[in-house]
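Note that ligands are numbered from 1 as they come in the structure, with each ligand's atoms numbered from 1 the same way.
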Amino acid sequence: MDIEKLARKDVQRLTPYLSARKLGGQGEIWLNANESPFDNLYSVCGAGLNRYSECQPASLILAYAHYAHVQKEKVLTSRGADESIDLLIRTFCEPGHDHILFCPPTYGMYEVSANVAGVACKKVPLTQQWQLDLPNIEKNLQDVKLVFICNPNNPTGNRIKEEDIKTLLEMTHDKALVVIDEAYIDFCPEASFSACLPHYPNLVILRTLSKAFALAGLRCGFTLADPKIIALMLNIIAPYPVPSPVIDIACQALSKEGIFRMKEQVNLINTQRNLLESALSKLPGFKVFNGSANFILFKCPRPEALFSTLWDNGIILRKSSIEGCIRISVGLYDECEKTLQLMCDKGISPSNLLRSHP
Ligand SMILES: *Cc1c(COP(=O)(O)O)cnc(C)c1O
């Protein structure tokens, strides 16, 4: 029997999400997945694992509510922000009828999760300045239940104008939820929409410990929204979404000391990003898009050649879906310096770019 034919027709046609990790590479310097370079150590209590974990552990929910300055009734935790994207689509979109809307170039998982759920996508590209095209979004809202906005946006790194997001929230107030993906918001917390939750019942915010909190391998994320939205998502979430050791480590990361350390590391990364941006922008033919997150998008003359030269030397960057562009995550000082040095050795730039900008 042909086992493949047993699967759902649309699943037979799907291709798995090509994550940075799956692309492989023999790297020493990993600057391709927007991970934190800081490997913070945690202690895990190995006892009590004979028992199932709490679905929404009170200690973790309270710790994140405290960090995000929202009421605990507005917080849901899940297996990373990615699981939240999937939960939202399955909670709100009728397969074969409803749509999600997003604005490319942006994060790839909105489309992947919609495809898996059999939900169609409307794509309204960002403007040339990588801002929302509000007139075109408004024209395309028919049968749209969820509008995903990534702020700061991945892979472009820029912020979306606050006024435009507010206009969008008003435009959709009786029609659709606006999901603001704030995966990188800890690098620019002043741009968060969390304080707007009381004013917009259709606002949903996604958060994660994977980026600024340096816990990509932990798989822990959060949804901030009206309690009615949280309750609906809890109707479909798995019974034990968060493993006990994850709860344990996440609570340490969200302790007073944990948050203090995260903020120090965010300051270091932001400083390092600004240095790297100015160094890259000095290279002949390079165009750097200044960003607000822990990565930089840049356009360069021969992106393929640059990417593979660095790859062959154990420095792994990410090719962007945007024509001629490469995305680099901000690493430690030495990692950035080595990367620039290698570009220089290969004739791309004058040397010691980072050091000339103290
Ligand atoms: C990394 C990332 C996520 C995924 O977060 P996880 O919590 O690791 O699942 C979500 N959205 C954006 C924009 C990201 O870059």
Side-chain angles (χ1 to χ4, degrees), residues 16-23 30-37 60 64 67-68 75-90 100 102-114 116 126 130 132 146-160 165 178-188 191-193 204-225 233 237-238 241-243 246-247 249-250 253-254 262 266 269 273 289 291-297 317-322 327-330:
Y17 182 69
L18 204 51
S19 63
R21 180 44 54 93
K22 282 191 203 152
L23 286 167
W30 293 92
L31 302 175
N32 63 341
N34 299 345
E35 295 154 341
S36 171
L60 180 55
Y64 201 82
Y67 167 67
V75 181
L76 175 139
T77 183
S78 58
R79 211 181 323 107
D82 281 349
E83 186 183 24
S84 178
I85 295 168
D86 176 71
L87 287 172
L88 283 163
I89 292 173
R90 289 194 291 122
I100 67 161
F102 58 88
C103 306
T106 191
Y107 188 50
M109 282 305 289
Y110 315 133
E111 180 162 23
V112 171
S113 288
V116 171
L126 294 172
W130 287 331
L132 300 182
L146 301 169
V147 179
F148 285 92
I149 303 296
C150 191
N151 187 40
N153 189 37
N154 180 6
T156 58
N158 67 296
R159 291 191 214 172
I160 305 298
I165 297 181
V178 174
V179 184
I180 308 182
D181 185 339
E182 294 191 342
Y184 299 96
I185 206 70
D186 314 281
F187 296 99
C188 51
S192 176
F193 264 70
V204 179
I205 295 172
L206 306 183
R207 295 287 192 86
T208 180
L209 299 188
S210 296
K211 307 287 161 55
F213 280 93
L215 285 168
L218 191 67
R219 312 306 305 130
C220 184
F222 300 90
T223 308
L224 313 178
M233 293 171 77
I237 201 169
V242 193
V246 171
I247 301 169
I249 292 170
L254 291 163
M262 179 277 288
V266 159
I269 288 172
R273 178 196 62 226
F289 303 99
S292 298
N294 65 337
F295 59 87
I296 300 167
L297 186 76
L317 309 190
R318 178 118 196 194
K319 286 185 227 176
S320 169
S321 56
I322 304 168
R327 195 189 69 187
I328 179 170
S329 310
V330 178

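Taking CD1 of Ile160 as the start and CH2 of Trp130 as the end, the distance is 10.5 Å to the nearest 0.5 Å.
The one candidate from Leu31, Asn32, Leu297, Asn34 that meets the side chain to side chain contact (heavy atoms under 4.5 Å, CB included) condition with Ile328 is Leu31.
For Arg90, the CZ atom is densely surrounded, since the number of other residues' heavy atoms within 6.0 Å is greater than 12.
Annotation: ligand 1 has protein neighbours Gly80, Ala81, Asp82, Tyr107, Cys150, Asn154, Asp181, Ala183, Tyr184, Thr208, Ser210, Lys211, Arg219, each with a heavy atom less than 4.0 angstrom from the ligand.
A distance below 6.0 Å separates the ring centres of Tyr67 and Phe213. When ring centroids are compared, Phe295 and Tyr184 come within the 6.0 Å threshold.
A donor atom on one side chain and an acceptor atom on the other are not found under 3.5 Å apart for Glu35 and Ser329.
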